[in-house]
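Step one of this worksheet: look at the structure below.
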Amino acid sequence: TRGPARSVGRSSRVSSRWHGTSLVVSALLLLLVVPVQFAHAQLIGRYVRLILDTSYLHFSEMIVWKPGDLDTNLALQKPATSSAEGWGGTSAGLVDNDVSTYCHTNNGGWVMVDLGEEKEIGGIFLNSNLGQYDRAIGLYVEILDASQNVVL
């Protein structure tokens, strides 16, 4: 079983239309070229899990970067698993550095990427080749340690 989902954050700076949307998704909705950094001084985790209880999870790429190093994708070619794969999407499509491929889960699904070892995480960028970011409203992002305990 997965642990309790935690929203990445809620911000009063996000318009009321998007209230409750995770900070990552809010940033994507507002300005797609600006990645979001976490406010934690030092966030360390091994797994990154995306959970969307309200719709199908569909993203073409997830980039996880180290603090201060936007050029290094910690998730690139790492093992990915999901609750289900469908509509031509695969879990691996999320981390293959190819925006023509994608990850597509079932309704209320999740996908998790194993970074291989605990690493310091500076932020996450998500891209959808459909451009339908409204499907991601309610997205939760969890960072888990090596024992799969939620740290964020």
Side-chain angles (χ1 to χ4, degrees), residues 1-15 18-54 57-83 89-105 109-152:
T1 64
R2 65 176 195 235
R6 298 188 192 326
S7 176
V8 169
R10 289 175 171 68
S11 172
S12 61
R13 293 177 282 164
V14 177
S15 71
W18 304 114
H19 180 72
T21 304
S22 73
L23 183 58
V24 171
V25 175
S26 298
L28 290 172
L29 290 167
L30 298 174
L31 188 57
L32 300 178
V33 295
V34 177
V36 175
Q37 292 180 319
F38 293 114
H40 294 72
Q42 188 176 24
L43 179 61
I44 297 177
R46 176 173 174 172
Y47 301 94
V48 178
R49 181 166 44 204
L50 308 177
I51 304 166
L52 186 57
D53 293 330
T54 59
L57 201 151
H58 183 106
F59 289 104
S60 58
E61 210 58 42
M62 178 173 73
I63 298 170
V64 179
W65 73 87
K66 298 184 327 186
D69 184 2
L70 297 177
D71 295 324
T72 301
N73 182 359
L74 300 174
L76 182 62
Q77 303 295 331
K78 298 297 184 186
T81 55
S82 63
S83 56
T90 64
S91 302
L94 187 64
V95 292
D96 64 359
N97 200 34
D98 181 353
V99 294
S100 69
T101 63
Y102 55 89
C103 174
H104 188 99
T105 69
W110 57 268
V111 63
M112 184 166 67
V113 176
D114 180 355
L115 301 178
E117 63 185 357
E118 289 190 345
K119 298 184 180 198
E120 191 171 1
I121 298 172
I124 298 171
F125 177 82
L126 297 169
N127 182 46
S128 173
N129 57 4
L130 290 179
Q132 296 176 333
Y133 292 103
D134 59 324
R135 283 190 179 179
I137 294 173
L139 175 71
Y140 287 90
V141 176
E142 292 180 337
I143 307 298
L144 300 95
D145 64 16
S147 299
Q148 295 194 15
N149 297 307
V150 176
V151 296
L152 175 71

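Sequential numbering from 1 along the given sequence is applied to the chain's residues.
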Worksheet item: So how far is it from Thr90 OG1 to His104 NE2, rounded to the nearest 0.5 Å?
Response: 12.0 Å
Fill in: Shortest non-hydrogen contact from Gly138 toward Leu52
C-CD1, 3.7 Å
Fill in: Pairwise distance CD1(Ile44) to CD1(Ile121) - rounded to 0.5 angstrom
9.0 Å
Practice prompt. Specify the closest pair of heavy atoms between Ala146 and Tyr47, including all atoms of both residues, with the distance to one decimal.
Written response: O-CE1, 3.9 Å
Worksheet item: What is the distance from atom CG of Asn73 to atom CD1 of Ile124, rounded to the nearest 0.5 Å?
Response: 10.5 Å
Discussion item. Check whether Thr105 reaches the backbone of Ser83 with its side chain - one donor and one acceptor, N or O, closer than 3.5 Å.
Written reply: no
Item to complete: Calculate, to the nearest 0.5 Å, the distance between atoms CD1 and CG belonging to Ile63 and Asp71 respectively.
Response: 10.0 Å
Worksheet item: Where do Leu57 and Trp110 come nearest, in terms of heavy atoms and distance?
Response: CD1-CA, 4.3 Å
Worksheet item: Can Asp96 and Gln77 be said to form a side-chain contact (heavy atoms from CB on, under 4.5 Å), step by step?
Response: CA-CA 5 Å; Asp96 64 359; Gln77 303 295 331; 4.1 Å; yes
Practice prompt. Identify the two heavy atoms, one from Lys78 and one from Val113, that lie closest to each other, and give their separation to 0.1 Å.
Written response: CB-CG1, 3.9 Å
Worksheet item: What do the steps show when you test Leu74 against Val48 for side-chain contact (heavy atoms from CB on, under 4.5 Å), and what is the final call?
Response: CA-CA 10 Å; Leu74 300 174; Val48 178; over 6 Å; no
Worksheet entry | Side-chain donor/acceptor of Thr101 to backbone N/O of Asp98, under 3.5 Å | yes
Fill in: Spacing of CG belonging to Leu70 relative to CZ belonging to Phe125, to within rounding of 0.5 Å
11.0 Å
Fill in: Minimum-distance pair of heavy atoms, taken over all atoms of Glu61 and Asn97
OE2-N, 2.8 Å
Worksheet entry | Atom NZ of Lys66: over 12 foreign heavy atoms under 6.0 Å | no
Worksheet item: Taking all non-hydrogen atoms of both residues, which atom of Ile143 and which atom of Gly45 are closest, and how far apart?
Response: CG2-CA, 3.7 Å
Discussion item. Using 0.5 Å steps for rounding, measure from the CD atom of Glu118 to the OG atom of Ser147.
Written reply: 7.5 Å
Fill in: Asp114/Arg46 under side-chain contact (heavy atoms from CB on, under 4.5 Å): CA gap, chis, key distance, verdict
CA-CA 6 Å; Asp114 180 355; Arg46 176 173 174 172; 2.7 Å; yes
